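Everything on this sheet refers to the single structure shown next.
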There are 2 protein chains.
Amino acid sequence: MGKPTVHDIAEEAGVSLATVDRVLNERPGVRSMTARRVHNAIDKLGYVRDVHAANLARGRQYRFAFVLPEGESQFLKALRDAIEEAGAGLRLDRAELETIEVPLNDSVGMIRALETLQAQQIDGLAIMANETPVVRDMLAHMKESGIAVVTLVSDQPNAERDHFVGIDNVAAGRTAGVLMGRFVGGRSGKIIVVVNTTHARDMVQRRLGFDAVMREQFPALDALPSLEGHDQLERTIQVIDRSLASHDDVVGIYCAGAGTRGVTKVIADHGLADKLVVIGHELTTHSEQGLRDGLLDVVITQNVGHLVRSATRVLRAKCDGREIIESQERIRIEIVLRENLP
Amino acid sequence: MGKPTVHDIAEEAGVSLATVDRVLNERPGVRSMTARRVHNAIDKLGYVRDVHAANLARGRQYRFAFVLPEGESQFLKALRDAIEEAGAGLRLDRAELETIEVPLNDSVGMIRALETLQAQQIDGLAIMANETPVVRDMLAHMKESGIAVVTLVSDQPNAERDHFVGIDNVAAGRTAGVLMGRFVGGRSGKIIVVVNTTHARDMVQRRLGFDAVMREQFPALDALPSLEGHDQLERTIQVIDRSLASHDDVVGIYCAGAGTRGVTKVIADHGLADKLVVIGHELTTHSEQGLRDGLLDVVITQNVGHLVRSATRVLRAKCDGREIIESQERIRIEIVLRENLP
DNA sequence: CTGAAAGCGCTTACAG
DNA sequence: CTGAAAGCGCTTACAG
């Protein structure tokens with residue numbers, strides 16, 4: 001006999017298909033004695049349900065929304081593209097992905113966006129946003145109304161999300177730190193640290209990890225206070241230029257968030273490629289070119305395709321009440337040099 | 001209207017379901033005029049077939065075999081585990097994975113194994129083996145009999161495989177080279193290079209890439225001729241010990257293949273962890289521990305889970321006559337430090 | 001609380 | 001060369 005089906009269960013338990021189905025999907029209206037018989041049959045035959053057939057039968061269509069910050073950063077662009085690409089591939093898998101962009105720190109916009117999604121009765125939400133009470137409360141609401149929720153890229157540990165899809169940013173900062181220390185190669189001096197804003201949770205964590213490694217392993221290096229670029233090219237360039245001017249012993253630059261374009265511009269303009277070790281985050285067409293041109297030495301990154309696929313896998317599992325395979329959903333901290341560019 | 005189905009196509013083309021199906025699956029017995037009408041309908045309605053429904057209907061069961069070299073290396077073990085794990089997950093996806101182990105360089109065993117698989121009419125084969133005329137010819141035979149074939153980990157560029165699933169080993173060697181040069185930090189000296197055998201294609205390529213980088217970027221470093229460990233712990237330790245004894249300016253060890261256990265043993269026994277830069281390949285429980293203990297500085301790796309899933313995805317696509325998404329099937333060269341261990 | 005029947009989107013003998 | 005009908009494994013109204 002092949003794999004057992006609902007028919008086999010029904011026969012074994014001496015009930016009808018409908019009853020088997022009710023038990024399988026935990027729908028009410030089954031006497032506990034009957035349910036017990038069905039469960040026994042399931043255990044005895046080792047039944048596992050064919051999800052595809054189930055979805056086919058119920059005409060199930062999963063609707064997942066991705067809420068992202070508005071912005072022209074290359075990473076966000078790549079993420080949006082990945083969502084679109086995954087969406088195209090998933091249409092046949094009965095999942096429909098939608099992307100909504102909300103301006104950074106626009107609470108009203110965020111509330112409106114999430115309320116709309118809730119009204120639309122989406123099945124799952126993947127959200128990348130700064131941690132605020134508004135977001136926290138809204139997520140609790142969404143969860144209550146039965147929507148699966150995962151946080152993306154930047155976690156909200158205090159919100160009732162089902163799962164976080166992204167890297168451990170403290171570890172990412174540590175990784176950057178070790179590579180910085182090693183690549184600097186025994187010299188002593190200062191490290192310029194650039195972030196877009198010191199308020200974002202992931203930035204804070206990366207800085208934390210970076211500093212810890214500097215302290216523990218490379219006391220000869222001195223990581224300067226974070227410079228804020230605020231996602232603006234000119235501003236980023238300006239703050240770095242100023243910092244370079246006031247320190248004559250800078251040996252490296254760590255760009256912990258968006259702002260890589262500003263950094264590479266400075267490096268190129270001042271011909272510093274061979275003098276400084278430069279480490280950035282997120283592999284994009286731009287940072288990839290930076291690696292090729294030698295303007296960047298290392299890029300620490302997380303694969304946007306994996307992020308999106310993991311998010312949809314997790315959301316789908318939550319919708320189906322299935323367990324996720326933790327090991328498969330762990331997003332890797334990837335290290336990219338010119339030599340191992342994909 | 002939702003997505004068009006075979007019913008819509010049948011109606012639009014004015015034919016029966018059976019005819020639509022014949023056209024869809026390119027089965028014979030349809031007048032070209034009729035086929036043309038069906039194709040027009042497909043184009044007009046933008047039909048794309050529901051693979052899951054199709055598989056359900058035909059009770060399709062994909063049978064894929066993985067042929068691997070026999071051996072107790074941690075990497076092979078991890079790979080076997082990954083196959084088993086993927087197999088369990090895929091049972092519901094109507095794919096069945098089987099692993100066959102053939103002793104290295106046992107041509108007769110290889111022929112027998114492949115002939116058996118061919119007789120069993122498997123749907124697809126993923127093979128990891130050294131490049132030999134025997135293998136090349138057998139793969140041609142298998143392909144001819146309609147079996148999809150991918151090479152795994154170590155390519156056979158001259159065989160008629162459908163696809164290679166694995167990393168670019170020249171690039172992997174280059175990556176190791178750059179990290180070695182950078183981590184050594186300006187010192188000059190010799191690098192010990194360990195391989196299991198100089199005959200395997202992937203070893204040759206890694207060595208090639210490593211040497212190229214040494215030559216181009218780190219002229220102060222001198223990579224010694226490859227030591228062969230032949231997958232034997234004692235032997236590996238012996239050759240490294242001997243090499244260390246005869247060179248007093250060794251600054252690093254590059255283990256390009258199996259043999260990491262021997263290398264870490266030597267490092268630990270002689271207390272060389274802080275003196276030498278040690279780079280190995282393939283993340284396993286052992287090399288992971290080596291990283292944690294500081295006995296290894298870097299591990300270059302390819303994710304075995306990705307390898308197996310990519311192989312099955314590609315085989316399935318080939319069986320269905322579908323195109324693969326190249327970008328999704330590219331296996332990354334991963335760099336692992338203690339800090340970004342998964 | 002339980003079951004018989006129809007249907008999801010596709011394929012497969014079988015008949016003509 | 002073409003079509004009507006049954007079936008893959010599951011779910012869903014509808015009846016009882």
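Side chains are part of it too, since the values below use all heavy atoms of this structure and drop only hydrogens, waters and symmetry mates. Every value quoted in this text rests on a predicted model; they were computed, and no experiment measured them. Chain A is the first sequence line, chain B the second, and so forth, proteins listed ahead of strands; every chain is numbered from 1.
Between the side chain of Asp123(B) and the backbone N or O of Arg63(B), at least one donor-acceptor pair lies under 3.5 Å. For Arg37(B) (side chain) and Ala13(B) (main-chain N/O), a donor-acceptor pair under 3.5 Å exists by modelled atom type. For Gln156(A) (side chain) and Ala129(A) (main-chain N/O), a donor-acceptor pair under 3.5 Å exists by modelled atom type.
Using a 4.0 Å cutoff to heavy atoms of chain B, the contacted part of DNA chain D runs 5' to 3' from dC1(D) to dG9(D).
A salt bridge links Arg27(A) with Asp21(A): at least one charged nitrogen is closer than 4.0 Å to a carboxylate oxygen.
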(message) Please convert DNA chain C into dot-bracket. A pair counts if it is Watson-Crick or G-U wobble with both distances under 3.5 Å; crossing pairs go in [ ] and bases paired with another strand get |.
(response) |||.||||||||.|||

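Residues satisfying the side chain to side chain donor-acceptor pair (under 3.5 Å) criterion with Glu11(A), sequence neighbours excluded, are absent altogether. Considering only residues two or more places apart in sequence or on other chains, Asn55(A) meets the side chain to side chain donor-acceptor pair (under 3.5 Å) condition with Tyr62(A). By the ring pair (Phe, Tyr, Trp, His ring centres under 6.0 Å) test, His306(B) pairs with His306(A), sequence neighbours left out. Every residue meeting the side chain to side chain donor-acceptor pair (under 3.5 Å) condition with Gln61(A), not counting sequence neighbours, appears here in chain and number order: Glu96(A).
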Return all side-chain donor-acceptor pairs below 3.5 angstrom for residues 73-86 of chain B, not counting sequence neighbours, or 'none' if the list is empty.
from	atom 1	to	atom 2	distance (Å)
Ser73(B)	OG	Phe75(B)	N	3.4
Ser73(B)	OG	Leu76(B)	N	3.1
Gln74(B)	OE1	Thr285(B)	OG1	3.1
Arg80(B)	NH1	Gly71(B)	O	3.3
Arg80(B)	NH1	Glu101(B)	OE1	3.3

Considering only distance and modelled atom types, tabulate donor-acceptor pairs under 3.5 Å from the side chains of residues 131-150 of chain B, sequence neighbours left out.
from	atom 1	to	atom 2	distance (Å)
Glu131(B)	OE1	Arg201(B)	NH1	3.0
Thr132(B)	OG1	Val135(B)	N	3.2
His141(B)	ND1	Asp137(B)	O	3.2
Lys143(B)	NZ	Asp162(B)	OD1	2.6
Lys143(B)	NZ	Asp162(B)	OD2	3.4
Ser145(B)	OG	Gln118(B)	NE2	3.1
Ser145(B)	OG	Met142(B)	O	2.9

Using residues 109-117 of chain A as the side-chain source, report each donor-acceptor pair under 3.5 Å to any protein atom, sequence neighbours left out, with the distance given to one decimal.
from	atom 1	to	atom 2	distance (Å)
Thr116(A)	OG1	Arg112(A)	O	2.7

Under 3.5 Å donor-acceptor pairs involving side-chain atoms of residues 311-318 of chain B, not counting sequence neighbours:
from	atom 1	to	atom 2	distance (Å)
Thr312(B)	OG1	Val308(B)	O	3.2
Thr312(B)	OG1	Arg309(B)	O	2.9
Arg313(B)	NE	Gln328(B)	OE1	3.4
Arg313(B)	NE	Glu329(B)	OE1	3.4
Arg313(B)	NE	Glu329(B)	OE2	2.8
Arg313(B)	NH2	Glu329(B)	OE1	3.1
Arg316(B)	NH1	Asp93(B)	O	3.0
Arg316(B)	NH2	Asp93(B)	O	3.1

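Between Arg22(B) and Ala54(B), the residue whose closest nucleotide on DNA chain C is further toward the 5' end is Ala54(B).
Of all the residues in residues 24-44 of chain B, Asn25(B), Arg27(B) reach under 4.0 Å from DNA chain C with at least one non-hydrogen atom. Within residues 13-20 of chain A, the residues that have a heavy atom under 4.0 Å from DNA chain C are, in order of number, Val15(A), Ser16(A), Ala18(A), Thr19(A).
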